[in-house]
Amino acid sequence: MVLLILITAFLQSSLPEDGLYWVIFSDRGADIEHRLEMASADILEGPSAGRRLLAGFTTADVCDLHPYSGYVLEVEDIALSAIRTSSRYLNAVSVRLTQSQVELLLEEPFVQEIRSVGVSNFSPSEDIPAPDAYGLSMSQLEQVNILALHQRGWTGTGVVIGMLDSGFELVHPCLQSADVLGAWDFVNNDSIVGWQQEDSLNHPSHGTKTLSVIAGYQPGSFVGGAFNSSFILAKTEDVSDEYEQEEDFWVAGLEWLESGGADLVSSSLGYIDWYEPYQMDGNTAVTTIAADIAASRGMVVWNSAGNSGPGETSLVAPADGDSVFAVGAVDGAGLIAYFSSRGPTADGRIKPDGCARGLNAVFATYNGTGYSTGGGTSFAAPLVASAAACISSAHPDWGMMRVYEALRSTADRYSNPDNTYGYGVINALEAVKHRSIIGQVRRSDTGAPLSMCNVTIDMESGSPVHAITNHKGFFAIEPGSFGSFSATCTGWGAPIPFNGVLDESGIEIIIYVDPVNSDNSPSVYPNPSSSNFYIGFDVVNSVSDVSFSVYTVANERIFHEERVSVLPGCYRAPLSGQAFCWNGLNNNGEQVASGQYIGMLKIGDSVQLLNLALIRGMEED
């Protein structure tokens, strides 16, 4: 059972005469055991089952129970109106009450506390048209090393991201391919999360922009951080009335996303009205309490830290949560944005947890087809949430708190954190590698990646562990121990085992696989090259002497290597004892000039000539 501790934060005398209130119940009501049994069955049969299994939380506890219906009916009788939202996590309902109704409810034994519903500090950002329409998201993805995960085929596939924001329009070209599994408007109580007649003109603007940072996909123009993820969209922010909105919709949206199977949540909203800095302790704000309960069920919230910096403890809820990843904003040089909210929390914990681009961030223009730049931790949060989704697609066996740990442990200030940057700018690739062996399986003769290979890691201590390569031949696995290991694979050809040592920071490797019974022409790769050439060959039938020489066009031999009594087999991998390697140096160890060179490969009595193009300064993949 999770013990929910609600700290009374407000004196009753501070409550307004009329308004929206949380009514927090003192217990869970009657027939608890039967209700828990039914809730457990619903969890096992519902879309959140897989995520909760990873979190070790498949049996319902009291925070999975809706508030007792008898108590809810009594609240509605006294309020003379229906409740607005209901929270399983808080054991509470929100409802509009007069002061006299508040006093009547406080006399009821089933009411523990009544508090005003807080409002957000949401404000619209000012868009600046982006100067170029090509590759505009490249810089912000590279800064946090998400691009490196995309290059390895980890783009968020199989991960469900929940979004909490002001609404979402999907008409922009970069959002038309987004895989939306579900949507609900908690403001208007319907399934339309885009603009409606009762909305203000730019109601869905903020959510559309934050969604594009994750889900956008318009090749050549803009690519979001986790464009292959699936999405559940919750419209929880009412931007009318000077952009103030109550936190109860946020809590209702969060619980809806958790029960609907979201793996993680990206939230660029924050709640600070009704709260003082001393209450940013991780246990007072209702959004923080709710977010921490969601994390216990395996669904972590990645939330903007707030735009109230640079003062100390200027965080907004729920960024103060101990299981909420609070995201600060930096510029393109990695320097903290002046507005980015600072820690520590009121109980002394370091915040934010990490940073990403939040100054001059690029996103889809609302009500247009182009792209704009703007500032705010609102845009940093979806970048870090994108990294979390891509890491999860690389490590499907990791729960989200493990992803949280890896991101924080590999950020650039982890060894010396502070309350300005927190643990620093995140590094998505280093997070994937954290305590893990990642790598690619390739053919030794062509270098082509091999998908659907079963990789086996044998640690010096511990049992073998396994992973399957993705469509780009990559895999990631956390063995659970450190030390020497051997890696091999099955599924194609004859693998060349890789031996290495794993430590806390992880390692990236390549496993080469030889074709079986190969008898192909010699290979030269890369060709052209700026430095190293690998010359692959096969020895067929019998033991042979093998040599490789390089000549200038003037017939001067500048390189020579020979091997005696080479056994039959394939020798094409760029490894010691495999393919020959010429590093662009002559016999005296001096660099030779760019130009055309002739390679001569001799296998037994067979001689073959190869063209080598050396181009100094050329960029290579």
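Note that this is a predicted model, so its numbers are computed, not measured.
Checking side-chain atoms of Ser87 against main-chain N and O of Leu90 turns up a donor-acceptor pair under 3.5 Å. Using modelled atom types, no side-chain atom of Glu113 and backbone atom of Trp22 make a donor-acceptor pair closer than 3.5 Å. Put simply, the side chain of Ser341 gets close to the backbone of Ser314: a donor and an acceptor are under 3.5 Å apart. Side-chain N or O atoms of Lys351 include one that pairs as donor or acceptor with a backbone N or O of Ala319 at under 3.5 Å. A donor-acceptor pair under 3.5 Å is formed between the side chain of Arg342 and the backbone N or O of Ser340. For the pair Thr377 (side chain) and Gly306 (backbone), a donor-acceptor distance under 3.5 Å is present. The backbone N or O of Asn283 lies less than 3.5 Å from a partner atom in the side chain of Asp281, making a donor-acceptor pair. Asp320 contributes no side-chain N or O that, together with a main-chain N or O of Ala317, makes up a donor-acceptor pair within less than 3.5 Å. Using a distance-only test at 3.5 Å, with no hydrogens or angles considered, a donor-acceptor pair links the side chain of Ser296 to the main chain of Ile293. Side chain of Gln112 to main chain of Ile24: no donor-acceptor pair is present (N/O by atom type, distance under 3.5 Å, no hydrogens or angles).
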Quiz item: Can you check side chain to side chain contact (heavy atoms under 4.5 Å, CB included) on Tyr275 and Val286, steps first, answer last?
Solution: CA-CA 10 Å; Tyr275 299 113; Val286 295; 3.9 Å; yes
Quiz prompt | Verdict with supporting geometry, Asp165 and Leu269, side chain to side chain contact (heavy atoms under 4.5 Å, CB included) | solution = CA-CA 7 Å; Asp165 218 300; Leu269 303 172; 4.2 Å; yes
Exercise. Might you work through the ring pair (Phe, Tyr, Trp, His ring centres under 6.0 Å) test for His172 and Tyr371, ending with a clear yes or no?
Key: CA-CA 10 Å; His172 192 284; Tyr371 298 90; 5.0 Å; yes
Quiz prompt | Candidate pair Ser94 and Thr85, rule side chain to side chain donor-acceptor pair (under 3.5 Å), full reasoning | solution = CA-CA 5 Å; Ser94 65; Thr85 64; 2.6 Å; yes
Practice problem: For Tyr68 and Arg35, run side chain to side chain contact (heavy atoms under 4.5 Å, CB included): C-alpha distance rounded to whole Å, both residues' side-chain angles, the deciding distance at 0.1 Å, then the answer. | Solution: CA-CA 10 Å; Tyr68 179 54; Arg35 290 159 60 201; 3.8 Å; yes
Exercise. Assess whether side chain to side chain contact (heavy atoms under 4.5 Å, CB included) is satisfied between Asn189 and Trp184, documenting all intermediate values.
Key: CA-CA 7 Å; Asn189 199 31; Trp184 192 256; 3.5 Å; yes
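The side-chain tip of Arg84 points at the ring of Phe249 from less than 6.0 angstrom away and within 45° of straight on.
Going from atom CG of Leu359 over to atom OG1 of Thr373 covers 9.0 Å, rounded to the nearest 0.5 Å. Here the CH2 atom belonging to Trp195 is positioned 13.5 Å from the OG1 atom belonging to Thr208, to the nearest 0.5 angstrom. Atom CD of Glu169 and atom CG of Leu211 lie 11.0 Å apart (nearest 0.5 Å). Between atom OG of residue Ser409 and atom CZ of residue Arg402 there is a gap of 7.5 Å, rounded to the nearest 0.5 Å. Distance CG/Asn419 to OG1/Thr345: 8.0 Å, rounded to 0.5 Å. Between the CD atom in Glu247 and the OG1 atom in Thr288 there is a gap of 9.0 Å [rounded to 0.5 Å].
Residues Phe231 and Ile214 have side chains in contact (heavy-atom distance under 4.5 Å, counting atoms from C-beta outward). Proximity of Ser205 to Lys209: side-chain heavy atoms (C-beta onward) are separated by under 4.5 Å at one or more points. Annotation: side chain of Ile192 is not in contact with side chain of Lys235 (no heavy-atom distance under 4.5 Å). The shortest distance between side-chain heavy atoms of Ile161 and Trp302 does not fall below 4.5 Å. With a 4.5 Å cut-off on side-chain heavy atoms, Ile78 and Glu108 count as touching. The side-chain heavy atoms of Asp64 and Arg52, taken from C-beta on, include a pair separated by under 4.5 Å. For the pair Glu76 and Val95, the minimum side-chain heavy-atom distance is 4.5 Å or more.
Nearest approach of Leu20 to Arg96, heavy atoms of both residues: CD1-CG, 3.7 Å. Annotation for Leu97 and Tyr21: closest pair O-CE1, 3.4 Å, computed over non-hydrogen atoms. The two atoms that bring Arg51 and Gly298 nearest to each other are CD-O, 3.3 Å, heavy atoms only. Listed here is the closest heavy atom pair of Ala49 and Ile43: CB-O, 3.4 Å. Across every non-hydrogen atom of Pro67 and Phe25, the tightest pair is CB-CE1, 3.6 Å. The two residues Ala346 and Thr313 make their nearest non-hydrogen contact at N-CG2, 4.4 Å.
Among residues two or more places apart in sequence or in another chain, the ring-ring contact (aromatic ring centres under 6.0 Å, His included) test is passed with Tyr421 by none. Under the ring-ring contact (aromatic ring centres under 6.0 Å, His included) criterion, Tyr404 pairs with Phe325, not counting sequence neighbours.
Side-chain contact annotation: Gln196 with Asp185, donor-acceptor N/O pair under 3.5 Å present. Between the side chains of Ser378 and Ser304, not a single donor N or O lies within less than 3.5 Å of an accepting N or O.
Sorted by first and then second residue, the side chain to side chain donor-acceptor pair (under 3.5 Å) pairs with a member in residues 36-48 form an empty list; sequence neighbours excluded.
Of the options Val23, Asp27, Val111, Val93, a side-chain contact (heavy atoms from CB on, under 4.5 Å) to Tyr71 is made by Asp27 and by none of the others.
The pair Arg297-Glu258 does not meet the salt-bridge criterion, since no charged nitrogen lies less than 4.0 angstrom from a carboxylate oxygen.
Under the 6.0 Å cut-off for aromatic ring centres, His203 and Tyr366 do not qualify, their centroids lying 6.0 Å or more apart.
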